[in-house]
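Have a look at the structure below, then the notes.
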Amino acid sequence: MTTPGSIIEYLDGGRFICGLALQSVGNRLRLLNQNGREMNLPASRVVTISRTKYPVDISRDDCITMLKDAAGKRAALTQNIPLLEIWELASVEEQTSFPPDFLAELYFGGDLTDDQSAAFLRGVFTDRFFFKYRNEMVNVHTPEQVEQLRHQRQKEKEKEEILTTGAGNLQTIMDGGSVSVEQWPDRDRILSWIADFVLFGSDAPESDMVRQLLKKADLNRPNDGCKLLIQAGVWQRDENIPLLKAEQPVNFNPDLMAHATSIAEPTADELLADPRRKDFRHLDIFTIDGASTRDYDDALHVERLDNGETLVGIHISDVSSFITPKDPLFSEAMERSTSLYFPEGQIPMLPRELSQGVFSLIKDRVRPAISFLLKLSADGEILSSRIVPSVIQVKRQLSYTEVDRIMDQDKELSLLNTVRQQLRLQRAERGALLLSFPDINIYVNNQGVVTIHLSQSDSASRNLVSELMILANGVAADYLTAQEAPGLFRSQPPPRKRLISGVRNSLQDIACQRRFLSRGELTVHPKPHSGLGLNSYTTVTSPIRRFLDMVIQMQISNMIHGKGILFSADECKNFAGTIQQKLGRANTVRQQRHRYWILRYLEGQVGNMVSALVVSHGPKRINLILLDCLFDIDLPPNPAFPVEPGDTVKVRIARANALDNTLRVEW
């Protein structure tokens, strides 16, 4: 119990304060402290109580002077107390807890003064390595605890150094200055922490440290971390952040690259040593792709037969002749599941040395293929089909633009154009939904300026390739079904609501219909594909770019070689699960990156009026599409400006920020 006239000590903000007890009432103590402040203090906050009693009726100034003198003496005594020596003596004792005065006497000797007792406790509170004060007793730490505390103290010291030095350097970088590794040895390490934090937030290993760093550097506004990394040169201005967040593989490891480069280009004789492989090098086979395409995985040829029938050849690069399911390239393709295409470049599923080299159907080069040979009636109905391993040699490498220009004059292209019109009409009559949205082509020049060009996805050349690939994929699915072989089948239930039919539909109708499509499925056994108007469907025509196609090609190749089923239903089911997961990851990256580039384009349109198509009208929101970039937006109705679905209107781009992922559009 504290009696009036005692000098007591208590902690305030980590500092010891001396006070003279003036009155004790219950559990509270009225006192005057060394700073001249009268206060009521809970008795539980008192750390030391002097044995000596002092008069309480002295003047206020004398009392403050006395308390300051006591505080000064105690602080001076504390600096010289050898806590390590006292700990070494106490730690050999059997007991681990002692009265404070017992330990203080090990240094000061007997007849302790109030100042000496208080000084020892001050030392215990100041240096917490060796002792801990609790319930009026001093606990002695074990050597293990002391070592742990030393390590912790060192880490705290390093942390404080990182925070102080790092914050200043981060501010310098953000302000456009340069800080080298020689000037700041922790530079790369801390910038990598910040990159992880920007990508993964609280899940990043050093998230707490980064938060403190950015706060200390006054860089805790949205996207400050990202802007800092760009300023530091760690990231580019248009860094593909969704790709980094998804941890989608980008580069191939050295062992895989060494294996890829060891795959040699086969000769015709080597390929024809396979007795089942047909020699089609004499055929006029050609590819049709985009002008920038370098990975050619499908080619075509066509012949008009004497009886008026048409023979269509769809030739797919035979990746299965190079890769087996045990090949590391197979595992890598399964992990990636697809090639990714962005305005800034491509991330291939297979190394470019293969996808644009040995596996690619390059003009004049001998290549193994899986050929789909289809006889069609004069009306475009399938009369017969064969799938055979082959050797081909592409004669012409055509672009979509070139095909559109010469189609009417080129006999073979003109014949294929007739076939594609028949196939398209047949699918429409079977209920297929022809949702031909224009392609959005995004270009970024060396100065980072973004432009967008829309091209018709259903131009004659593009539609020709699309229809023939759908045809081959449907035949592949029918073949697996007829052989009762497991596979990976794409299907789609009917739309939740059907709005369109036939071949020709408006952009507004197509945009509305897309909202009512049912989710596609990937199954081991065939089911109807409503959107394509087919009873069964798979994909096999892009084995260089899609893992699903590679698997189906391997399954079919094994069967047409007379080797039976390669992948069981259980294996196909496992593939389906992996593909859905990996494609989900890749599609998220693709969609987020597409949105980023559209917003980057719209940043240059801020303040401009742009054309928009009204798609649908609800009581609270009107949905529109910006016609120059086909970007969906919603606006509240404007009573002064009534609109109807199908109207083309002008709207103003008020704000766009790709990094913030924000867009504001106004009437």
Do I442 and I598 pass the side chain to side chain contact (heavy atoms under 4.5 Å, CB included) test, and can you show the C-alpha distance, the side-chain angles, and the key distance before you say yes or no? CA-CA 8 Å; I442 302 172; I598 296 291; 4.2 Å; yes
Residue pairs passing the side chain to side chain donor-acceptor pair (under 3.5 Å) test where at least one lies in [range], sequence neighbours excluded:
| range | value |
| --- | --- |
| residues 574-584 | E335-K582 |
| residues 604-615 | Q605-N608, S611-K650 |
| residues 439-451 | D439-R462, N441-S455 |

Validation row: [X], [Y] side chains within 4.5 angstrom (heavy atoms):
| X | Y | value |
| --- | --- | --- |
| C226 | L659 | yes |
| L663 | L602 | yes |
| L329 | M550 | no |
| R427 | R430 | yes |
| D634 | I622 | no |
| V643 | W667 | yes |
| L499 | D509 | no |

Tell me which pairs pass salt bridge (Lys or Arg N to Asp or Glu O under 4.0 Å) where either residue lies in residues 226-238, with sequence neighbours left out. D238-R600
Give me each pair satisfying salt bridge (Lys or Arg N to Asp or Glu O under 4.0 Å) with a member in residues 343-352, each pair once, sequence neighbours excluded.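 Residue pairs with at least one partner in residues 343-352: E344-R593.
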Atom CD of E666: over 12 foreign heavy atoms under 6.0 Å: yes
Within 6.0 angstrom of R504 CZ, more than 12 heavy atoms from elsewhere: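 Incorrect, the count does not exceed 12.
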Test side chain to side chain contact (heavy atoms under 4.5 Å, CB included) applied to L613 and L624, step by step: CA-CA 5 Å; L613 172 69; L624 306 96; over 6 Å; no
Please tell me whether [X] and [Y] have a donor and an acceptor in their side chains that are separated by less than 3.5 angstrom.
| X | Y | result |
| --- | --- | --- |
| T539 | D549 | yes |
| S360 | Q356 | no |
| Q456 | S459 | no |
| S530 | Q492 | no |
| Q513 | N505 | no |
| S202 | R211 | yes |
| T662 | R655 | yes |

Rounded to the nearest 0.5 Å, how far does [atom2] of [Y] lie from [atom1] of [X]?
| X | Y | atom1 | atom2 | result |
| --- | --- | --- | --- | --- |
| S337 | L548 | OG | CG | 8.5 Å |
| F197 | L214 | CZ | CG | 6.5 Å |
| N169 | R187 | CG | CZ | 9.5 Å |
| E247 | R585 | CD | CZ | 8.5 Å |
| D186 | W193 | CG | CH2 | 7.0 Å |
| D295 | I362 | CG | CD1 | 10.0 Å |

Please name the residue in the list I288, L416, T541 that meets the side chain to side chain contact (heavy atoms under 4.5 Å, CB included) test with L468. L416
Pair L599-N657, side chain to side chain contact (heavy atoms under 4.5 Å, CB included): steps then yes or no: CA-CA 6 Å; L599 291 175; N657 189 302; over 6 Å; no
Pair K159-Q212, side chain to side chain contact (heavy atoms under 4.5 Å, CB included): steps then yes or no: CA-CA 10 Å; K159 176 181 176 181; Q212 294 177 58; 3.1 Å; yes
Polar side-chain atom of R420 near backbone of Q422 as donor-acceptor pair, under 3.5 Å: no
Check R396 with D410, please: is the shortest side-chain N to carboxylate O separation under 4.0 Å?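 Yes.
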Residues forming a salt bridge (Lys or Arg N to Asp or Glu O under 4.0 Å) with R490, sequence neighbours excluded: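 Applying salt bridge (Lys or Arg N to Asp or Glu O under 4.0 Å) to R490 gives none.
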